[in-house]
Amino acid sequence: MPHHGLAAYIEIARIDHWIKNIFILPGFLVALSVDRGRIHQLDWLSVILGLLAICLISSSNYVLNEILDAPSDRFHPYKRQRPVPSGRVRIGPAYAEWLLLMLAGTTLAVRVSMPFAAAAAGLWIAGCAYNVAPLRAKDIAYIDVITEAVNNPIRMLAGWYLTGTAAIPITTLLASYWMIGCYFMAIKRYAEFRELGAEQLQAYRKSFSSYSESGLLTCIVFYAAGSMLFLGAFIARYRLELILGFPLIALVMAAYFRLAFRPQSPVQHPERLYHEPLIVVPVSACALVLGGLLFIDLPILRQWFPMTAVGF
């Protein structure tokens with residue numbers, strides 16, 4: 001008989017995956033760079049509660065994912081050992097955990113602000129759309145990538161509203177963030193596609209029956225180009241200084257893509273990427289440079305890259 005212990009219920013909340021909520025940080029920093037008066041008015045208690053709220057909502061989504069993916073996870077060489085497919089968790093209490101985590105996260109989110117609570121609710125709803133039938137977007141090839149990646153702009157909005165700013169979020173930046181999320185997710189799918197055999201892939205996830213190597217690579221190029229197009233539009237209009245960080249952004253994207261070709265590629269488990277120097281070093285350098293450029297004004301760039309008036 002499998003052992004139904006408390007540890008198994010904690011495990012399905014995937015606390016180790018909370019590292020993914022670092023994607024809140026860019027929204028937080030950009031909002032402060034746009035509305036610099038908020039820097040000295042931050043309510044740090046609300047910031048802490050907000051981060052915890054997003055983590056709890058994320059865990060609620062992970063619990064639902066564990067429950068609904070259990071039948072197919074039994075066909076995966078690693079995921080079959082998870083608590084639900086291995087029988088270490090009872091389904092009834094797991095559903096109760098899913099709802100309790102959602103309620104706890106929502107309660108904290110409302111304490112921060114209603115716009116922030118709306119973003120937190122959006123994150124939970126996106127998780128339901130991704131996992132729950134009849135939509136269950138994760139079973140639809142290519143749509144699964146787009147749907148899961150929507151968590152990126154939602155997290156950016158959460159970070160934005162966590163500052164308490166009244167400034168309106170910037171659409172081009174949100175679009176770029178969505179596309180870069182699609183880029184990362186498509187690379188994850190590609191790595192899975194390369195590693196698992198055709199029969200095992202289709203048993204593990206229905207969407208793989210419609211995937212192909214050429215199709216995934218094409219999408220990766222499309223998402224990379226789309227993310228940089230929207231980012232360029234944001235930079236040109238709102239923060240020209242960030243153009244100096246483009247080489248580092250390109251380096252991060254290239255390093256991540258390279259990891260997809262490694263046997264048992266670490267991109268299949270993004271929450272563990274902090275063990276990979278190949279990606280940690282360029283990401284850290286890129287984050288430091290971009291974070292600084294958000295707050296360091298360089299007027300000379302307007303002379304080097306002047307706006308051109310089109311005349312007839």
Side-chain angles (χ1 to χ4, degrees), residues 13-15 17-65 95-132 135 137 146-182 230-231 233-234 237-239 290-291 294-295:
R14 300 186 194 173
I15 294 174
H17 286 230
W18 284 4
I19 187 67
K20 296 177 183 177
N21 291 317
I22 198 170
F23 283 100
I24 287 176
L25 185 58
F28 185 81
L29 292 177
V30 173
L32 291 179
S33 73
V34 170
D35 184 2
R36 297 195 181 184
R38 294 299 309 171
I39 296 175
H40 304 294
Q41 301 174 28
L42 284 174
D43 180 349
W44 286 105
L45 176 59
S46 290
V47 171
I48 293 169
L49 292 178
L51 291 173
L52 181 57
I54 292 297
C55 288
L56 292 173
I57 293 289
S58 298
S59 283
S60 177
N61 286 341
Y62 294 141
V63 169
L64 184 66
N65 178 276
Y95 271 117
E97 180 180 357
W98 166 58
L99 291 174
L100 286 172
L101 285 167
M102 179 273 290
L103 290 172
T106 301
T107 300
L108 292 178
V110 170
R111 161 66 177 78
V112 175
S113 72
M114 290 311 296
F116 178 81
L123 186 65
W124 190 78
I125 292 169
C128 292
Y130 186 66
N131 288 290
V132 179
L135 180 56
I146 295 172
T147 306
E148 186 167 8
V150 78
N151 290 335
N152 253 32
I154 291 174
R155 283 188 171 102
M156 174 165 275
L157 285 172
W160 185 281
Y161 290 126
L162 204 52
T163 66
T165 183
I168 298 173
I170 301 167
T171 305
T172 50
L173 186 60
L174 291 171
S176 175
Y177 218 47
W178 192 353
M179 289 293 100
I180 198 65
C182 291
F230 286 116
L231 181 60
F234 163 73
R237 184 170 182 183
Y238 294 99
R239 193 64 189 167
L290 294 180
L294 280 172
F295 298 94

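Everything quoted here is computed from the prediction, not taken from an experiment. Start at 1 with the first residue, then count along the sequence.
The side-chain heavy atoms of D35 and T163, taken from C-beta on, include no pair separated by under 4.5 Å. In this structure, the side chains of Y130 and V150 stay at 4.5 Å or more apart for every pair of heavy atoms.
Distance alone, capped at 3.5 Å, is enough to place a donor-acceptor pair between the N151 side chain and the E148 backbone. In this structure, the side chain of R155 does not engage the main chain of F23 through any donor-acceptor pair within 3.5 Å. In this structure, the side chain of S33 engages the main chain of V30 through a donor-acceptor pair within 3.5 Å. At least one donor-acceptor pair under 3.5 Å links the side chain of R239 to the backbone N or O of L294. The main-chain N or O of I146 is found under 3.5 Å from a side-chain atom of W178 such that the two form a donor-acceptor pair. Between the Y161 side chain and the V112 main chain, no donor and acceptor come within less than 3.5 Å of each other. Under the 3.5 Å distance criterion, the side-chain polar atoms of R237 are left unmatched by any main-chain donor or acceptor of F234.
Rounding to the nearest 0.5 Å places CG of L99 at 7.0 Å from OG of S60. Distance CH2/W124 to CG/L103: 8.5 Å, rounded to 0.5 Å. Interatomic distance, CE of M156 versus CD1 of I154, reported as 12.5 Å (0.5 Å rounding). With rounding to the nearest 0.5 Å, the separation of CG in L51 from CG in N21 is 8.0 Å. Separating the OG1 atom in T147 from the CG atom in L135 is a distance of 6.5 Å, to the nearest 0.5 Å. One distance of note links CG of L64 with CG of L101; it measures 11.5 Å at 0.5 Å rounding.
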Do F116 and V110 pass the side chain to side chain contact (heavy atoms under 4.5 Å, CB included) test, and can you show the C-alpha distance, the side-chain angles, and the key distance before you say yes or no? CA-CA 7 Å; F116 178 81; V110 170; over 6 Å; no
Stepwise, does the side chain to side chain contact (heavy atoms under 4.5 Å, CB included) test hold for N61 with N65? CA-CA 6 Å; N61 286 341; N65 178 276; over 6 Å; no
Does the side chain to side chain contact (heavy atoms under 4.5 Å, CB included) test come out yes or no for L162 and I54, once each step is laid out? CA-CA 11 Å; L162 204 52; I54 292 297; over 6 Å; no
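Within a 6.0 Å radius of CG in L42, more than 12 heavy atoms belonging to other residues, nucleotides or ligands are found. Counted within 6.0 Å of CD1 on I168, heavy atoms from surrounding residues, nucleotides or ligands total 12 or fewer; the atom is thus considered open.
When all heavy atoms of S59 and A13 are compared, the pair lying nearest together is OG-O, 2.7 Å. Nearest heavy-atom pair, M179 versus F230, reported as atom, atom and distance to 0.1 Å: CG-CD1, 4.2 Å. When every heavy atom of G181 is checked against every heavy atom of A149, the shortest pair comes out as C-CB, 3.4 Å. Nearest approach of Y62 to K20, heavy atoms of both residues: OH-CD, 3.6 Å. Residues P153 and Y177 come closest through the heavy atom pair N-CD2, 4.0 Å. Shown here for R38 and L32, the closest heavy-atom pair between the two residues is CB-CD2, 3.8 Å.
The list of side chain to side chain donor-acceptor pair (under 3.5 Å) pairs with a residue in residues 111-120, not counting sequence neighbours, reads S46-R111.
By the 30° and 60° cut-offs, the orientation of the rings of W44 relative to F28 is tilted.
Here the options are I24, I170, L174, the test is side chain to side chain contact (heavy atoms under 4.5 Å, CB included), and the partner is W160; only I170 passes.
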